[in-house]
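Worksheet: one structure, shown below.
For reference, positions follow the sequence shown, starting with 1.
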Amino acid sequence: MYQRHYLGKKVDISAVRNIGIMAHIDAGKTTLTERVLYYSGRVHRMGEVDEGSAAMDYMDQEKERGITITSAATTIYWKDKRINVIDTPGHVDFTMEVERTLRVLDGGVVIFSGVEGVEAQSETVWRQANRYGLPRITFINKLDRKGSDFFRTVEMMKSKLKVVPLVINFPLFLDEELKGMIDVVEMKGWIWKDESGLEYESISIPSLFMEKANELRDELIDRVSLYDDEVMEWYLDGEEIAPEILKKVIRKITIRSNVFPVMGGAALKNIGVQKVMDAVVDYLPSPLDVPPAFGKNPKTGKEEIRGNREDEPFSALVFKILTDPHGKLAFVRVYSGKFKRGEKVLNVNTGKKDRISKIILMHANKMEEIERVEAGEIVALRGLEEVMTGHTITEEKHPILLEPPQVPKPVIFTSITPRTLADQEKLAVALHRMNEEDPTFEVKKDPYTGETLIYGMGELHLEVIVERIRREFYVDARVSTPEVSYRETIRQKATAEGRFIKQTGGKGQYGHAILTLEPSEKYEFINEASANEIPHEYIKAIKEGVAEARYSGSLAGYEVSGGRVILKGGSYHEVDSSEIAYKIAASKAFKEAYKKADPTILEPIMRLEITIPKGYFGAVLDDLNSKRGEIKSVEHREDVELVDTLVPLSNLFGYATTLRSLTSGRGVHHMQFEKYQPLPEKILKKRLQEIRGY
C-alpha cells in the first residue's frame, strides 16, 4: 500500500483518524484544539481565543468576536497516528459549517461545559452527528470552574441525549483544586505537574477516590460485557480484565455507536488534554473501520458503493468552498481510489472535467502542497472552477453521485443596497462568492420592489456576511433592519388543471397538466402521468413551472414550504406542444390547486435556553409569556435557573437587550432554530390584513 508521507512521517490508512471537534458555543472547542496542536508539536505556542491568537480562528472577525465562524482543518501526529482535525463553530448561526463537516468525518470529539452541562446547541450538534452515524467520544470541560459538576453532566447526557455514557476517567481534586484525572480503564491516577500541561505522570489512585473508581470500573465492565462474550465470561468468573482487552472492546462498541466514552478535564488549565488525544487514537475509527460510501450511478440511477481503499475507482465529496486571492479552494474528503496533481477529474454534478493544479494539506489558513492523495484523506484542491458544496468528483470512467450534506433553510432576511454604481458590480460578485462558500446564505430579488434580499440563519450570520462584503470586497452598502423569513404551506388535498393554448396562424403553443397537491413536510414531485398523456421530454418543464409557482405563494407571497405535487395527467398536441407551454400550464395548475388546498403561513420557532440568577425568574417568565413562549422545562440549580423554551422568532429581535434589562445584565441566552409551525389563526388574520392593506 502507498505510504502517505507528510511532515516527515509515514502512515497508512489504518493509522488515519478524521475527526471533528464540536460543541455548544463557549464550551471550549478552540481552546482544546489549540492544546492538541501544541502537545502534538504542530505549533510551538498555545494560542488563546480571548487574546485573538488562536491558530484555528484565523479570520479577523473570529479574532475580534472571540468565536469560531468557519470550520478550520489541520493535521497532527500523535502516537504514530495521523489525525486530521476540524474545529467547528459552536454558534447556531453557523450550523452549516458543522453539518457539512460531520458529513465527511469518521469520528468526533463532543465537548460539554462542566458548568452548564448539556446545552441546547449541544443537543443540536448531537442530533446532527446521529444523522450521519458518527462515532463520538466526549470531553467534559471547565471542571476547574466554580459550579462545575462532572457527574451531573454525565446524567444530563443520559436524560437529554438518551445515550449510554461510558466514564473512562473522572476528576481528581486535591484541596478542592483540580489536579488531574482518575483512569478507570487502567485504574491509575494522572497528575498534571506544570502550568503548560506538558509534564504529567501516573500515580496510584488516592484512597479517597478508590471507592468511586471501583464503582465506575464495575459499571464500565458490566456495560462492555454486554457486547463481548469473552469479557462477559471473565466478568462472571470474577477474573481481572486487562486494560488492553477493555480498550479493544471499547473501541469496537464506540465505532458502532453503542456507547460514548466520557472524559473530563480543563483545557484552559491544560489538564486532561493528552488523555483526549489518546482516546482519539484508541477508540475512534480509521477510514477502514467505517462503512463504505453509498451513492448513485448518474447514468443508470442504481445505487453503488465505494470502499475506503486505494484500489477502488476514485471518488470524493466537496464539503466546503473557500475563495482566496489565488482563486477557489475546494475542500474534499476522498472516499475511494487515488489521484495525482495534474490529473483530470469529473465533476459529476456539472459534467465538467477539470485538471487539478494543486493538492493542499491545510493548517487553518496555512497550506502545504502535496503530490498525491488517496482514500481516507481530507485535502483542499485548486483547479475545480464550477464546483459547489455537495458536488461529487470522480474519475471519468466510473462516475458516482455521493449524498451531499443537508442544507438548513435560512430564517431571516434583510435588503442590501449598494451606495454607488461602482459598488453595484462589486456587490454582485461578493454575493455570488459568499453564496458559493455558504449554502445557507441565499440571495433573491424582491419581485415587487426589485430590491436585493439576503437570507441567513440569524442576525449574527448576516452581520458577519455584510462585514465580510465590506472588508474583503470593499463594497459600501446600506442594509435594512432584519426581518423574519415566513413560509407558506397547504393543509388539505386539492386538484386543479392548467392549460396554455395559443394559436398564431402558424405553429401554436399547447400545454395541459393536471396536478394534485397533498400536505407533506418535505417537498416532492411525483409523476403519475402516462407517456401517452404527456411525453417524457416535457416533464422537466412541468417541474420548472411548479418550482416557479412555489417561489411565491398566493396567500401572502411567501415561498411555499413542503407539499407533495403529483402530476396526474394532461394532454399534448403532436405539433403545437412545447416546453414553455407546459411550464406555464403547470404554473397555472399549481396556483389554482394551491388556492383550494387551505394554505396558511408558517413562522420560524426558536429554541431559547436562558440562564438567569435566582430572583429574576418571575420577570423573565412574564416576558416570555408575552412573547408567546412555550416553556419546555425549568431546571433549578443552586444559584441559577435554566429555562428551556420555544418562542417565535418574530418576538425575539433585540432579546439580548431585553434580557439584560430584566436581569440587571446578569442573564445569558442561547438561541437556535427549532422548526416552522403555522401561525395561530388570530395572528394569521392580522398578518394577512397587514399584507393586503385592509
Side-chain angles (χ1 to χ4, degrees), residues 58-65 67-71 89 91-97 100 318 320-331 349-350 365 382 384-391 407-487 547-548 551-552 557-559 604 649 653-654 673:
Y58 59 86
M59 289 174 57
D60 287 343
Q61 288 198 68
E62 290 179 316
K63 296 177 187 294
E64 292 166 10
R65 296 174 185 266
I67 62 171
T68 302
I69 292 171
T70 183
S71 54
H91 198 287
V92 66
D93 282 17
F94 309 105
T95 188
M96 182 58 198
E97 289 291 325
R100 58 182 168 190
V318 179
K320 180 180 172 73
I321 300 294
L322 190 65
T323 304
D324 66 12
H326 304 288
K328 190 182 290 187
L329 268 176
F331 287 73
N349 298 77
T350 64
N365 60 339
R382 288 203 191 277
L384 298 169
E385 292 305 318
E386 296 176 15
V387 70
M388 300 285 284
T389 295
H391 282 187
V407 180
K409 281 289 187 181
V411 297
I412 193 173
F413 73 94
T414 185
S415 66
I416 185 167
T417 309
R419 293 185 184 274
T420 68
L421 199 59
D423 284 322
Q424 188 169 341
E425 190 173 322
K426 289 191 291 184
L427 178 62
V429 172
L431 294 177
H432 177 68
R433 293 270 180 85
M434 292 294 103
N435 177 245
E436 280 187 326
E437 289 188 16
D438 183 355
T440 61
F441 172 69
E442 295 183 2
V443 183
K444 298 178 182 178
K445 280 281 186 187
D446 188 306
Y448 305 107
T449 66
E451 287 182 302
T452 299
L453 305 178
I454 56 175
Y455 289 72
M457 298 302 295
E459 290 179 88
L460 179 61
H461 186 203
L462 290 183
E463 278 179 30
V464 168
I465 290 285
V466 170
E467 193 60 30
R468 285 190 65 191
I469 288 170
R470 286 172 176 156
R471 292 187 186 191
E472 297 175 26
F473 297 91
Y474 307 104
V475 176
D476 188 13
R478 292 188 299 271
V479 180
S480 67
T481 303
E483 297 180 49
V484 174
S485 178
Y486 291 97
R487 302 278 169 81
E548 285 188 10
Y551 179 76
S552 178
Y558 299 123
E559 183 180 344
L649 176 59
F653 288 107
F673 172 73

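Side-chain contact check for Y551 versus K444: some heavy-atom pair is nearer than 4.5 Å. Within the 4.5 Å cutoff, the side chain of I321 has no heavy atoms near those of the L329 side chain. Counting heavy atoms from C-beta outward, R468 and E437 have side chains that approach closer than 4.5 Å. Using a 4.5 Å heavy-atom cutoff, the side chains of M434 and F441 are in contact. Side-chain contact check for K328 versus V387: some heavy-atom pair is nearer than 4.5 Å. For the pair R487/S485, a side-chain contact is recorded, criterion being any heavy-atom separation below 4.5 Å from C-beta on. Using a 4.5 Å heavy-atom cutoff, the side chains of R419 and L427 are not in contact.
A salt bridge between E472 and R433 is absent, with no side-chain N of the basic residue lying under 4.0 Å from a carboxylate O of the acidic one.
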- Walk me through it: do I416 and L453 pass the test side chain to side chain contact (heavy atoms under 4.5 Å, CB included)? CA-CA 6 Å; I416 185 167; L453 305 178; over 6 Å; no
- Task: Step by step, work out the side chain to side chain contact (heavy atoms under 4.5 Å, CB included) result for T417 and T452.
- Result: CA-CA 7 Å; T417 309; T452 299; over 6 Å; no
- Message: Checking E436 against M388 for the side chain to side chain contact (heavy atoms under 4.5 Å, CB included) test, could you report, in this order, the C-alpha distance in whole Å, the side-chain angles of both residues, the deciding distance, and whether it holds?
- Response: CA-CA 6 Å; E436 280 187 326; M388 300 285 284; 3.9 Å; yes
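Residue Y474 places its OH atom among 12 or fewer non-hydrogen atoms of other residues, nucleotides or ligands, all under 6.0 Å distant.
Scanning all heavy atoms of the two residues, the minimum distance from A330 to V318 falls at CB-CG1, 4.2 Å. For the pair F413 and V484, the tightest heavy-atom approach, listed with the atom from each and the gap, is CE2-O, 3.2 Å. Nearest heavy atoms, I412 versus G458: CG2-N, 3.4 Å.
A donor-acceptor pair under 3.5 Å is absent between the side-chain atoms of T440 and the main chain of M457, judged by distance alone.
Once rounded to the nearest 0.5 Å, the distance linking CG of L322 with CZ of F331 reads 5.5 Å.
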